[in-house]
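When a ligand or atom number is given, it counts from 1 through the structure's own listing order. For this chain, numbers begin at 1 and follow the sequence in order.
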Amino acid sequence: MGTIRPIPRRMGLKAPTPASSSDRPAAQPASGALRATSRTFELKGEIHRKLISVLNLDKVNSLPRDRVRMEIGRVVEKLLQEQRVPMTTAEENQIIEEVLDEVFGLGPLEPLLKEPSISDILINGPNKVYVERFGKLTLTGIRFKDNAHLLHVIEKIVSKVGRRVDEANPIVDARLQDGSRVNAIIPPLALDGPSMSIRRFGKHVITSEELIEKKTITRSMLEFMAACVAAKSTVLISGGTGSGKTTTLNAMSRFIPEEERIVTIEDTAELQLQQRHVVKFETRPPNLNKEGGINQRQLVRTALRMRPDRIIIGECRGGEALDMLQAMNTGVEGSMTTIHANTPRDAFSRLEAMMLMADLEIPSKVLIQQLASAIKLVCQVARLQDGSRKITSIAEVLGVEDGRVKTQDIFLFERTGMTPDGRVQGRFRSSGVKPKILDRLRMAGITLRPDIFDEVLEVNPE
Ligand SMILES: Nc1ncnc2c1ncn2[C@@H]1O[C@H](COP(=O)(O)OP(=O)(O)OP(=O)(O)O)[C@@H](O)[C@H]1O
Ligand SMILES: [Mg+2]
């Protein structure tokens with residue numbers, strides 16, 4: 001019997017090996033977790049193997065969970081008797097649950113997927129699983145048995161959406177059944193074993209009211225955005241990784257009138273629009289023979305033939321920027337997209353670069369002009385050091401100056417300091433300029449509350 005180790009809560013079940021001395025202690029042992037000894041790990045492996053011999057695991061998914069649970073219970077009991085392993089009923093039940101998770105679900109990830117407060121799950125190899133709760137990342141005690149076990153779980157996820165991951169395709173995007181977005185990258189590209197990030201989306205869509213509650217945006221800013229979206233102003237949402245771009249896009253899309261026809265284009269469908277008249281497209285990566293791939297650019301072109309009122313591109317990453325921009329300049333106004341950039345200026349440089357890549361023939365001067373006339377507003381989103389998300393600026397596009405798109409802030413978040421425990425202080429306010437876009441709103445028959453630019457909201461966490 002091996003020594004009692006700190007609690008790696010979940011282990012793989014494919015090939016039993018004793019927990020090796022290199023196993024690091026779990027950072028955050030889940031409460032009530034099984035006191036794992038090397039013998040327990042061996043046992044779980046044996047149970048799994050026995051199960052495979054008594055159950056047809058391919059068919060098992062069609063059997064009721066209770067039935068499988070009973071079978072597993074029987075195997076466990078028999079093994080325990082045979083091997084005279086002392087185990088409490090709670091421990092026995094936990095082993096059964098873990099084997100069930102392995103058979104029916106995503107193994108060690110299952111307990112995390114059941115926890116609604118977790119927004120991101122980041123797996124860096126089999127021994128390091130981080131989660132984000134309320135904007136803060138923490139290491140968990142969740143483990144995979146080894147690289148092969150983690151890879152098996154990744155394969156399970158991607159095969160469900162008809163994709164594959166192997167040495168020839170080491171990078172893959174996929175989706176969980178609840179809509180959560182998955183990105184995985186495996187060796188040889190990932191150096192420390194397979195790595196996967198899961199952005200949980202399925203359970204709850206953050207509403208615009210919640211954005212106000214969380215002090216991501218003020219009511220005045222939201223009302224202003226609502227008016228601009230309703231007036232068919234094209235909006236670019238810019239921000240860093242995980243800053244809340246997609247969430248903001250989702251929330252803003254709510255202000256698109258119900259009668260409009262919307263086409264959404266994404267690499268991995270994650271937008272959750274509230275309107276009824278939505279046509280959703282998702283790209284498809286090429287197969288092993290590099291055939292059959294459909295990219296966002298092709299989908300934008302198709303969308304244009306479908307009489308859309310608006311096109312929403314989940315994230316602009318390449319040539320589709322050009323097609324979208326040209327479409328907007330020829331009538332499909334009020335479209336929205338997100339872009340990975342740290343400032344509005346950055347966002348325009350990136351868009352320009354993407355468009356140049358799509359068509360080298362068009363002079364950059366023309367592209368910049370097109371950008372400046374198509375895009376009306378840029379919403380900059382940021383994830384601050386304390387994990388909070390803020391719309392740090394809503395800027396309007398004024399035109400082109402010195403070969404660059406010129407913007408001016410209408411609303412901004414001004415940082416003023418930091419509390420001793422590291423929380424960001426600041427205030428939301430308007431910049432004081434009279435926005436040019438008010439003319440557009442007036443033309444669309446939209447009037448804003450007269451004091452909309454007067455609100456100042458102090459963010460002063462206790
Ligand atoms: N205002 C907010 N307050 C709290 N959490 C938020 C807020 N906005 C987004 N989040 C959370 O942050 C995570 C990232 O959000 P989102 O997917 O919108 O970011 P993103 O910028 O689109 O990310 P990516 O760069 O990966 O596409 C999600 O889990 C989401 O629930
Ligand atoms: Mg996103």
Side-chain angles (χ1 to χ4, degrees), residues 112-113 115-123 130-138 171 173-176 178-185 195-219 221-222 225 235-254 264-273 282-283 296 312-318 320 336-344 346-347 350 378-394 411 413 423-424 426 428 457 459 461:
L112 300 181
L113 295 172
E115 216 187 290
S117 61
I118 293 178
S119 55
D120 280 88
I121 304 172
L122 308 170
I123 302 151
Y130 290 84
V131 294
E132 182 175 315
R133 289 187 189 87
F134 312 110
K136 284 281 180 200
L137 265 190
T138 41
I171 301 179
D173 284 324
R175 221 176 324 105
L176 299 186
D178 67 3
S180 301
R181 190 185 76 186
V182 178
N183 173 270
I185 169 161
S195 124
M196 171 159 65
S197 22
I198 302 177
R199 163 70 40 78
R200 311 244 14 242
F201 251 110
K203 298 267 171 335
H204 177 66
V205 187
I206 299 183
T207 61
S208 42
E209 276 306 310
E210 282 169 280
L211 291 182
I212 293 176
E213 271 162 39
K214 291 173 189 287
K215 298 207 169 154
T216 296
I217 191 168
T218 65
R219 189 164 296 283
M221 288 162 83
L222 191 71
M225 287 305 300
V235 178
L236 180 63
I237 294 164
S238 151
T241 311
S243 55
K245 301 181 294 293
T246 306
T247 305
T248 308
L249 179 58
N250 251 331
M252 299 302 164
S253 68
R254 216 195 76 192
T264 66
I265 294 168
E266 294 171 275
D267 277 332
T268 310
E270 56 177 340
L271 284 173
Q272 308 201 6
L273 303 197
E282 188 180 64
T283 58
Q296 293 205 122
I312 296 187
I313 301 184
E315 183 176 339
C316 245
R317 295 206 179 105
E320 65 278 359
M336 296 189 214
T337 188
T338 73
I339 188 162
H340 193 269
N342 292 328
T343 61
D346 232 27
R350 289 214 54 209
V378 184
C379 228
Q380 184 70 39
V381 199
R383 178 179 185 278
L384 307 184
Q385 288 104 311
D386 59 0
S388 67
R389 269 83 171 179
K390 300 261 178 279
I391 305 239
T392 52
S393 118
I394 296 177
F411 290 97
F413 177 72
R423 311 202 34 207
V424 174
F428 288 102
L457 180 76
V459 178

> Please examine the side chains of Glu315 and Glu320, heavy atoms only from C-beta on, and report whether any two atoms are closer than 4.5 Å.
no
> Is Thr338 close enough to the Mg ion (ligand 2) to have an N, O or S atom under 2.8 Å?
no
> Tell me, please, which residues at least two apart from Glu132 pass salt bridge (Lys or Arg N to Asp or Glu O under 4.0 Å).
Arg383, Arg389
> Dump the pairs for me: ligand 1 N or O, protein N or O, distance under 3.5 Å, to 0.1 Å.
unit_1: ligand 1; atom_1: 1 (N); unit_2: Thr216; atom_2: OG1; d: 2.7
unit_1: ligand 1; atom_1: 12 (O); unit_2: Arg389; atom_2: NH2; d: 3.0
unit_1: ligand 1; atom_1: 17 (O); unit_2: Arg199; atom_2: NH1; d: 2.7
unit_1: ligand 1; atom_1: 18 (O); unit_2: Thr246; atom_2: N; d: 3.3
unit_1: ligand 1; atom_1: 18 (O); unit_2: Thr247; atom_2: N; d: 2.7
unit_1: ligand 1; atom_1: 18 (O); unit_2: Thr247; atom_2: OG1; d: 2.5
unit_1: ligand 1; atom_1: 19 (O); unit_2: Gly244; atom_2: N; d: 3.0
unit_1: ligand 1; atom_1: 21 (O); unit_2: Ser243; atom_2: N; d: 3.1
unit_1: ligand 1; atom_1: 21 (O); unit_2: Gly244; atom_2: N; d: 3.0
unit_1: ligand 1; atom_1: 21 (O); unit_2: Lys245; atom_2: N; d: 2.9
unit_1: ligand 1; atom_1: 21 (O); unit_2: Lys245; atom_2: NZ; d: 2.8
unit_1: ligand 1; atom_1: 22 (O); unit_2: Thr246; atom_2: N; d: 2.9
unit_1: ligand 1; atom_1: 22 (O); unit_2: Thr246; atom_2: OG1; d: 2.7
unit_1: ligand 1; atom_1: 23 (O); unit_2: Arg199; atom_2: NH1; d: 3.0
unit_1: ligand 1; atom_1: 23 (O); unit_2: Gly242; atom_2: N; d: 3.1
unit_1: ligand 1; atom_1: 25 (O); unit_2: Gly242; atom_2: N; d: 3.0
unit_1: ligand 1; atom_1: 25 (O); unit_2: Lys245; atom_2: NZ; d: 2.8
unit_1: ligand 1; atom_1: 26 (O); unit_2: Arg181; atom_2: NH2; d: 2.7
unit_1: ligand 1; atom_1: 26 (O); unit_2: Arg199; atom_2: NH1; d: 3.1
unit_1: ligand 1; atom_1: 27 (O); unit_2: Arg181; atom_2: NH1; d: 3.1

> Is it true that Glu115 and Ser117 share a donor-acceptor pair across their side chains at a distance under 3.5 Å?
yes
> Measure from the side-chain N and O atoms of Lys390 to the backbone N and O of Phe413, and report whether any donor-acceptor pair falls under 3.5 Å.
no
> Looking just at side-chain N and O atoms, do Ser208 and Arg254 make a donor-acceptor pair shorter than 3.5 Å?
yes
> Leu122 versus Leu137: any side-chain heavy-atom pair under 4.5 Å?
yes
